Peer 1: 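The structure follows.
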Amino acid sequence: MTKEQLLQKFEEIYGGAGEARCFFAPGRVNLIGEHTDYNGGHVFPCALTIGTFGAVRKREDQRLRFYSMNFEKNGVIESDLSELASGKKGDWSDYPKGVVWTFEKRGYHIPCGFDFLIFGNIPSGSGLSSSASLEVLTGLMLKELYGFDQLSMVEIAQIGQYSENNYNGMNCGIMDQFASAMGKKDHAIFLDTASLQYEYAPVKLDHAKIVITNSKVKHSLVDSAYNERRSQCETALKDLQKVCDVKTLGDLSKEEFEQYASAIGDPVCRQRAKHAVYENQRAINAVQELKSGNVEEFGRLMNASHVSLRDDYQVSCEEIDLLTELAWKIPGVLGSRITGGGFGGCTVSIVENDAVGQFQEQVGEAYEKQVGHKAEFYVVDIGDGAHAL
Ligand code: GLA
């Protein structure tokens, strides 16, 4: 999608594109550190080069108009600044509306409405953060359109998360919005979600590629299962706080966890907390290994991450387990795991250059045979965070 195409469509939908401005915010893939971001742990995502594009223009009145080139049947969705407080309506515009609502809540007053047009090229239901990219896109365009110069990209990520939690009812952590807002070409972000301190780590794998495999399944009730995991971790933390002084599960080493784990009454909550603690340590170690050029060990830690997400955290599903098992069998696959929230979506794998063809062929064929539909493969290009076009 080029800026010209975006502006052309904008003009077609809203008339005279004179002062429209264009922005882009990417999706993300997380390399390791899954379901740790709402537990005060570490994550290691990178921004993709696919994402959401937007063109926008201020209006004189209070109207808000939304149009998505991905949902053309919906046409122009009309709303008004005064209607936002009544909550979500069940269509895609809930995401940008939630962000506008959060701006107001935080004291960034939006004095007049806008016409907004978007196009997204993140495959839907893939778990590569199309909603976070739309939130960050909206945050950036509001900052630029209404002149909130003091607003940082980190705060835009936080606004996106807040709106997702409080307007759209999904209790996600900060990872997706942070990666979309703060991504950097050819780097992954090693983020401590407790302090929001971060470091860019170059991802230059000389002899390997990062490959995303889309299972093309998304099981229902994902949001409620996600919220349930989160509250199980909170229950576990409360039990642990009776016997040791911790603010988050991310504060614990594996040894400390084993020492205090029996304080967690419910065995399922104990299992969830175990994943959060071990996965955080795995993410810390994995980044260290990558920095020392030990991609093989990074890959092994990815595999261990998958096993823990499958068995302890129980957010995988048959199709995704099949994809990882097929991948693990191929020589030249250094690591493969589920990525993102789970219950479908994608795996992320590190595959030696020479094996990429075989990987796609072998995994692709066997997957289609067993599941009945094709998987999709994308060789990852790590892009920059949200920016004006
Ligand atoms: C989803 C959420 C993130 C994170 C991941 C799991 O993508 O939006 O905040 O919790 O799941 O790591």
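As the structure is a computational prediction, the values presented were derived from the model and not from experiment. All ligand and atom numbering here is 1-based and tracks the order in the structure.
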Peer 1: Do me a favour and list the nearest non-hydrogen protein atom to atom 5 (C) of ligand 1 with residue, atom name and distance?
Peer 2: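 In this structure, atom 5 (C) of ligand 1 has Met175 CE, 3.7 Å as its nearest protein heavy atom.
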Peer 1: Could you tell me whether some N/O pair between Gly340 and ligand 1 is separated by less than 3.5 angstrom?
Peer 2: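 Looking only at distances, the answer is no, because the N/O contact criterion of under 3.5 Å is not met.
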Peer 1: Any atoms of ligand 1 less than 4.0 Å from a non-hydrogen atom of Tyr38? List them with their elements.
Peer 2: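 Within the 4.0 Å cut-off of Tyr38, ligand 1 contributes 10 (O).
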Peer 1: Taking the six-membered ring for Trp, are Phe24 and His387 closer than 6.0 Å centroid to centroid?
Peer 2: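 Under 6.0 Å, so yes.
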Peer 1: Could you tell me the residue and atom name of the protein heavy atom closest to atom 10 (O) of ligand 1, and the distance to it rounded to 0.1 Å?
Peer 2: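 So the nearest neighbour among protein heavy atoms is Tyr226 OH, 2.5 Å.
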Peer 1: Which heavy atom of the protein is the closest neighbour of atom 9 (O) of ligand 1, given with residue, atom name and distance?
Peer 2: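 Checked against all protein heavy atoms, atom 9 (O) of ligand 1 sits closest to Asp37 OD2, 2.6 Å.
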Peer 1: Do any N/O atoms on Thr36 end up under 3.5 angstrom from N/O atoms on ligand 1?
Peer 2: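 No, there is no polar N/O contact under 3.5 Å.
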Peer 1: Pairing donors with acceptors under 3.5 angstrom, does anything connect the side chains of Glu83 and Ser86?
Peer 2: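 Not at all, the side chains of Glu83 and Ser86 share no donor-acceptor pair under 3.5 Å.
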Peer 1: Would the Phe190 and Tyr200 ring centres measure less than 6.0 Å apart?
Peer 2: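 Between Phe190 and Tyr200, the centre distance exceeds or equals 6.0 Å.
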Peer 1: Within the structure, is a non-hydrogen atom of Arg28 found at a distance of less than 4.0 Å from ligand 1?
Peer 2: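 Yes; Arg28 lies near enough to ligand 1 that a heavy-atom distance drops under 4.0 Å.
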Peer 1: What's the shortest distance from atom 8 (O) of ligand 1 to any protein heavy atom, and which residue and atom give it?
Peer 2: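 Nearest neighbour among protein heavy atoms for atom 8 (O) of ligand 1, to 0.1 Å: Asp176 OD2, 2.6 Å.
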Peer 1: Record the part of Gln161 in heavy-atom contact with ligand 1 below 4.0 Å; permitted values are side chain, backbone, both and neither.
Peer 2: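 Looking at Gln161 and ligand 1, no heavy atom falls under 4.0 Å.
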Peer 1: Taking 4.0 angstrom as the limit, do Glu325 and Lys329 come out as a salt bridge?
Peer 2: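 Here Glu325 does not pair with Lys329 in a salt bridge, since their nearest N and O are not under 4.0 Å apart.
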Peer 1: Only heavy atoms of Gly341, strictly under 4.0 Å: list the atoms of ligand 1 that pass.
Peer 2: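 Matching atoms, with element in brackets: 1 (C), 7 (O), 11 (O).
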Peer 1: Is any side-chain N of the basic residue among Glu19 and Lys58 closer than 4.0 Å to the acidic one's carboxylate O?
Peer 2: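 Here Glu19 does not pair with Lys58 in a salt bridge, since their nearest N and O are not under 4.0 Å apart.
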Peer 1: Answer yes if the ring centres of Tyr226 and Phe343 are under 6.0 angstrom apart, and no otherwise.
Peer 2: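 Ring centroids of Tyr226 and Phe343 are no less than 6.0 Å from each other.
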Peer 1: Just jot down the ligand 1 atoms closer than 4.0 angstrom to any heavy atom of Cys172, in number order.
Peer 2: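 Near Cys172, meaning under 4.0 Å from one of its heavy atoms, ligand 1 has 2 (C), 8 (O), 9 (O).
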Peer 1: Roughly how far, to the nearest 0.5 Å, is the CZ atom of Phe178 from the CD atom of Gln161?
Peer 2: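 Rounded to the nearest 0.5 Å, the CD-CZ separation comes out at 11.5 Å.
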